[in-house]
Amino acid sequence: MAKLEILHFPDPRLRNRALPVAQVDDTVRKLVDDMLETMYDAPGIGLAATQVNVALRVITIDVSDARDEPLVLINPELLATDGDIETEEGCLSVPGVYDNVRRASRIRVRALGRNGEPFEREAEDLLAVCIQHEMDHLEGKLFVDYLSQLKRSRIQKRALKAQRQAS
Ligand code: GNR
Ligand code: NI
């Protein structure tokens with residue numbers, strides 16, 4: 001396994017739309033395992049391939065307290081949504097920024113697992129929020145896109161300044 005580098009806002013590569021995985025082969029499984037390692041190391045509760053500069057529809061998630069319930073979603077599709085919930089979200093690609101986002105509180109999703117097996121499951125609360133946050137990444141969308149233009153431009157200014165000082 002290998003730890004992957006995470007792209008930071010406003011990197012334009014975070015705006016790419018990811019392509020469906022044609023076949024869940026060893027290359028995709030290696031990506032999944034590297035993403036899990038990167039997510040656990042960060043630490044984060046989710047990671048989308050877009051964030052590690054791979055334009056494929058692959059997501060890893062673990063919202064468990066013990067960090068022992070990995071969930072892999074390849075080519076995820078939202079089948080149904082219900083209710084709403086506001087959560088203070090953060091993102092590994094927008095470090096240090098946390099703000100409230102409203103999303104569906106219950107969802108039904110279909111995807112392929114790590115071995116290419118199709119499955120459907122329901123999710124609620126934080127897991128539902130996390131799946132929607134990660135599926136947004138696959139569309140090139142970030143949680144800061146739900147904030148006001150003023151907040152987003154402040155966040156972008158601060159991020160560019162931090163990147164200048166780091167380099
Ligand atoms: O680690 C993460 N925490 C989080 C908290 C609230 C809502 C969404 C998330 S996902 C985030 C990791 C991440 O950036 N995934 O793309
Ligand atoms: Ni994120």
Side-chain angles (χ1 to χ4, degrees), residues 1-21 28 31-78 81-109 111 113-114 121-148 151-152 154-156 158-160 162-163:
M1 296 221 282
K3 229 183 81 179
L4 306 171
E5 197 176 314
I6 296 175
L7 302 178
H8 286 167
F9 174 79
D11 193 311
R13 292 171 291 182
L14 287 168
R15 299 307 187 176
N16 291 338
R17 276 198 71 208
L19 295 169
V21 170
V28 172
L31 170 65
V32 164
D33 293 345
D34 289 348
M35 285 175 60
L36 283 166
E37 183 181 352
T38 305
M39 177 186 80
Y40 285 124
D41 181 80
I45 60 171
L47 189 69
T50 313
Q51 294 177 276
V52 294
N53 197 28
V54 175
L56 289 174
R57 305 185 82 79
V58 177
I59 290 168
T60 60
I61 291 178
D62 192 335
V63 296
S64 73
D65 289 332
R67 316 282 290 151
D68 60 356
E69 292 174 37
L71 176 64
V72 174
L73 299 127
I74 298 170
N75 299 344
E77 294 171 71
L78 218 45
T81 65
D82 194 18
D84 54 85
I85 184 174
E86 194 174 78
T87 312
E88 183 172 79
E89 297 199 11
C91 181
L92 295 171
S93 294
V94 197
V97 176
Y98 304 88
D99 213 326
N100 291 334
V101 177
R102 183 172 293 278
R103 299 189 189 268
S105 58
R106 282 187 302 282
I107 63 169
R108 184 164 185 84
V109 66
R114 188 183 177 281
R121 72 170 286 171
E122 288 183 350
E124 56 182 27
D125 303 328
L126 184 60
L127 178 57
V129 166
C130 189
I131 291 171
Q132 291 169 83
H133 174 116
E134 304 312 336
M135 288 183 70
D136 272 354
H137 276 300
L138 302 182
E139 299 301 317
K141 190 164 176 122
L142 298 168
F143 87 95
V144 295
D145 299 344
Y146 296 105
L147 308 180
S148 69
K151 278 189 181 178
R152 197 165 49 256
R154 283 177 178 157
I155 292 162
Q156 174 158 336
R158 212 177 332 131
L160 289 170
Q163 277 165 37

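Just follow the structure's listing: the first ligand is 1, and inside any ligand the first atom is 1. If you're wondering where the values come from, they're calculated on a predicted model, not measured in any experiment.
The distance from ligand 1 to the heavy atoms of Cys91 drops below 4.0 Å at these ligand atoms: 14 (O). Annotation for ligand 1: atoms under 4.0 Å from non-hydrogen atoms of Gly44 are 1 (O).
Atom CG of Asn16 and atom CG of Leu7 lie 9.0 Å apart (nearest 0.5 Å).
With the Ni ion (ligand 2) as the vertex, NE2 of His133 and NE2 of His137 span 100° to the nearest 10°.
Ranking protein heavy atoms by distance to atom 8 (C) of ligand 1, first place goes to His133 ND1, 3.6 Å. Nearest protein neighbour of atom 14 (O) of ligand 1, counting heavy atoms only, is Leu92 N, 2.8 Å. Among protein heavy atoms, atom 12 (C) of ligand 1 sits closest to Gly46 O, 3.2 Å.
In the candidate list Gln51, Glu88, Glu89, His137, Glu89 is nearest to atom 7 (C) of ligand 1, counting heavy atoms. Looking at Gly90, Ser93, Pro95, Cys130 and measuring to atom 9 (C) of ligand 1, the nearest heavy atom belongs to Gly90.
Looking at Asp125 and Thr87, their side chains never come closer than 4.5 Å, going by heavy atoms from C-beta outward. Inter-residue side-chain proximity for Pro70 and Tyr40 is flagged as met; some heavy-atom pair is nearer than 4.5 Å.
Other residues, nucleotides and ligands contribute more than 12 heavy atoms inside 6.0 Å of the CG atom of Asp84.
Between Ile45 and ligand 1 there is a heavy-atom distance shorter than 4.0 Å. Ligand 1 has no atom lying under 4.0 Å from any heavy atom of Met39.
Using a 3.5 Å distance cut-off with no hydrogens or angles, the side chains of His8 and Gln163 do not pair a donor with an acceptor.
With Leu71 as the partner, the side-chain contact (heavy atoms from CB on, under 4.5 Å) test is satisfied by one option alone out of Ile61, Asp62, Val63: Ile61.
Contact check on Arg15 versus Asp145 returns a salt bridge, with a Lys/Arg side-chain nitrogen under 4.0 Å from an Asp/Glu carboxylate oxygen.
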I'd like to know whether Asn100 forms a side-chain contact (heavy atoms from CB on, under 4.5 Å) with Phe143, so could you lay out the CA-CA distance, the side-chain angles of the two residues, the decisive distance to 0.1 Å, and finally the verdict. CA-CA 9 Å; Asn100 291 334; Phe143 87 95; over 6 Å; no
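Inclusion of Glu134 in the set of residues having an N or O under 3.5 Å from an N or O of ligand 1 is warranted.
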